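Taking it in order: structure first as structure tokens, then the write-up.
Count residues from 1 along the sequence. Computed from a prediction, not measured in an experiment: that's the story for all the values here.
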Amino acid sequence: MTLTIPGFDHVRLPGADGVELATAVGGSGSPVVLLHGFPQTHLMWRHVAERLADEHTVICPDLRGYGASDKPAATDPDVYAKRTMAADVVTLAAALGHERFALVGHDRGALVAFRAGLDHPETITHLGILDVVPTLDMWNVLHGVSAAVGYHLFLMAQPPGLPEAMIAGSADAFFGSFLDAWADDPTTMPGDVRAEYLRASAAAVTSIVADYRASADIDVMHDQADLDAGSQLAMPVTVVQQDWGAQLGYDAAGVWKAWAPDLDHRLTRAGHFMAEEAPDEIASAVRDLLAR
């Protein structure tokens, strides 16, 4: 049985190209869409969603290829391009009657949110980003032995076949290693939640790899085209991240400022899974963003 956010409705909604997304919806008020990261599902937002639901309609889908959402075959690079996944989110929100909405993403979901902000500036009113830099910049800041923290990016960038076989052969160990290594406080992820993430990820190896592979190919091309065109995010943007700039030797706030002129950049002491480890902090950051 799929775990979902207590008190929220769990429904299936249309995305782009006939894909359906499993989605938790709750609360009332102006809409906020929350997109999860790797190796998780929409369940990662359970604490933040409950905190926001008193004032907002909170919409938490599983990304295509993840959780209980459809997992189309990657017959071409567009299937898991962040442009396509952003179109999923816009289509899903429209199905709920929301032509404009705020969007917050964590990790992989943050890359989808970034692309939605660039592609749909008339739709995304506010943009929140948790613990990433844009795809193009991500590859540019990974250098030398410090890049080992992102070894999975390089593994899943390889041609179809070997990465899928290697990961499927030890799925729990592979996905579990990230849940262990990236959490500053493992107690914030209860056993049933951890088991749900592992179950869902093991059932989605092929589509998860396809998502990552897109970020080494078509997503880079889309970001580069926007960079060359001078495109920027038109809406207020809040970025909350660990101090990756200090760890990897780059100016994280400067990277984001180039894309987001109206930027609130914050560092957190929480680990990568900050929405679960520090939900009050993240909910407060979202509220501050929506007040701008």
Side-chain angles (χ1 to χ4, degrees), residues 3-8 24 26-27 32-56 58-63 66-67 102-114 127-133 138 149-150 152-153 172-201 208 237-248 252-253 256 264-290:
L3 290 183
T4 190
I5 299 171
F8 277 44
V32 181
V33 178
L34 306 178
L35 303 180
H36 67 85
F38 163 93
Q40 298 163 286
T41 69
H42 75 278
L43 188 63
M44 64 153 280
W45 289 111
R46 61 197 179 279
H47 302 311
V48 173
E50 290 171 348
R51 284 161 170 77
L52 296 177
D54 287 345
E55 301 173 12
H56 301 281
V58 183
I59 305 162
C60 304
D62 287 338
L63 298 170
Y66 289 79
L103 180 60
V104 181
H106 172 254
D107 190 81
R108 306 305 294 172
L111 300 179
V112 176
F114 171 74
L127 185 64
I129 300 289
L130 303 187
D131 221 30
V132 299
V133 292
M138 173 188 73
V149 69
H152 60 300
L153 302 170
D172 282 359
F174 178 76
F175 294 115
S177 70
F178 300 104
L179 297 177
D180 294 335
W182 293 348
D184 274 6
D185 183 0
T187 65
T188 60
M189 194 176 293
D192 60 338
V193 172
R194 178 188 172 89
E196 175 68 6
Y197 293 156
L198 293 179
R199 182 202 62 76
S201 296
I208 289 174
V237 177
T238 292
V239 175
V240 184
Q241 58 189 148
Q242 300 175 89
D243 197 359
W244 289 112
Q247 295 182 49
L248 298 177
W256 274 109
D264 177 8
H265 185 271
R266 305 182 180 193
L267 297 179
T268 180
R269 294 183 180 275
H272 179 66
F273 303 115
M274 56 191 68
E276 291 170 287
E277 294 183 30
D280 287 333
E281 177 185 353
I282 299 307
S284 178
V286 174
R287 291 191 189 99
D288 290 348
L289 169 64
L290 297 179

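- Here the OG1-CD distance, from T268 to Q241, works out to 10.5 Å after rounding to the nearest 0.5 Å.
- Counting heavy atoms from C-beta on, the side chains of Y197 and L43 come closer than 4.5 Å.
- Here the closest heavy-atom approach between residue T4 and residue A24 is recorded as OG1-CB, 3.6 Å.
- When all heavy atoms are compared, the tightest approach of G37 to D107 is CA-CB, 3.6 Å.
- P279 pairs in a side-chain contact (heavy atoms from CB on, under 4.5 Å) with only one of the listed residues (E50, R46, R51), which is R51.
- Side-chain atoms of S284 do not come within 3.5 Å of backbone N or O of D280 as any donor-acceptor pair.
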TODO: Please step through salt bridge (Lys or Arg N to Asp or Glu O under 4.0 Å) for the pair D180 and R194, ending with a clear verdict.
DONE: CA-CA 10 Å; D180 294 335; R194 178 188 172 89; 2.8 Å; yes
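- In terms of heavy-atom proximity, G176 sits nearest to L198 at N-CD2, 3.5 Å.
- Within the model, atoms CE of M274 and CE of M44 stand 9.0 Å from one another, a figure rounded to the nearest 0.5 Å.
- The backbone N or O of V237 sits nowhere less than 3.5 Å from a side-chain atom of D264 that would complete a donor-acceptor pair.
- In plain terms, the two heavy atoms of F8 and A49 that are nearest each other are CZ-CB, 3.7 Å.
- The pair D192-R199 fails the salt-bridge criterion, with no side-chain N (NZ, NE, NH1 or NH2) lying under 4.0 Å from an Asp/Glu carboxylate O.
- The shortest non-hydrogen separation linking T41 to G67 is CG2-CA, 3.9 Å.
- Closest approach of A113 and I129 over heavy atoms only: CB-CD1, 4.3 Å.
- One N or O on the side chain of D62 and one on the backbone of H42 form a donor-acceptor pair closer than 3.5 Å.
- Under the 4.5 Å side-chain criterion, counting only non-hydrogen atoms from C-beta, P61 is in contact with L35.
- Residue R287 holds its CZ atom at 6.0 Å from CD of E55, rounded to the nearest 0.5 Å.
- W45 CH2 to L52 CG: the interatomic distance, rounded to the nearest 0.5 Å, is 8.5 Å.
- Between the side chain of H265 and the main chain of V240, no donor-acceptor pair closer than 3.5 Å is present.
- Aromatic ring pairs are classed by plane angle as parallel below 30°, tilted from 30° to 60° and perpendicular above 60°; the pair H106 and H272 is tilted.
- Of the possible polar contacts, one joining the D185 side chain to the T187 backbone as a donor-acceptor pair under 3.5 Å is found.
- Without hydrogens or angle criteria, S177 side chain to F174 main chain gives a donor-acceptor distance under 3.5 Å.
- Contact of the L111 side chain with the V132 side chain is registered, since non-hydrogen atoms from C-beta on lie closer than 4.5 Å.
- In this structure, W182 has its ring center under 6.0 Å from that of H152.
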inquiry  = For R266 and D288: C-alpha separation, side-chain torsions, deciding distance, then whether salt bridge (Lys or Arg N to Asp or Glu O under 4.0 Å) applies.
reply    = CA-CA 12 Å; R266 305 182 180 193; D288 290 348; 2.9 Å; yes
Practice prompt. Dump the intermediate steps for side chain to side chain donor-acceptor pair (under 3.5 Å) on E276 and Q40, then the final yes or no.
Written response: CA-CA 11 Å; E276 291 170 287; Q40 298 163 286; 2.7 Å; yes
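- Annotation: the span from L103 atom CG to L127 atom CG amounts to 6.0 Å, rounded to 0.5 Å.
- Side-chain N or O atoms of W256 include none that pairs as donor or acceptor with a backbone N or O of V239 at under 3.5 Å.
- Taking the centre of each ring, F38 and F178 come in below the 6.0 Å mark.
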Check your understanding: Can you check side chain to side chain contact (heavy atoms under 4.5 Å, CB included) on I59 and V32, steps first, answer last?
Key -> CA-CA 6 Å; I59 305 162; V32 181; over 6 Å; no
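- Between W244 and V149 there is a side-chain heavy-atom pair separated by less than 4.5 Å.
- Here the straight-line distance linking atom CD1 of I5 with atom CG of L34 works out to 7.5 Å at 0.5 Å rounding.
- Side-chain atoms of D131 and F273, non-hydrogen and from C-beta on, never get closer than 4.5 Å to each other.
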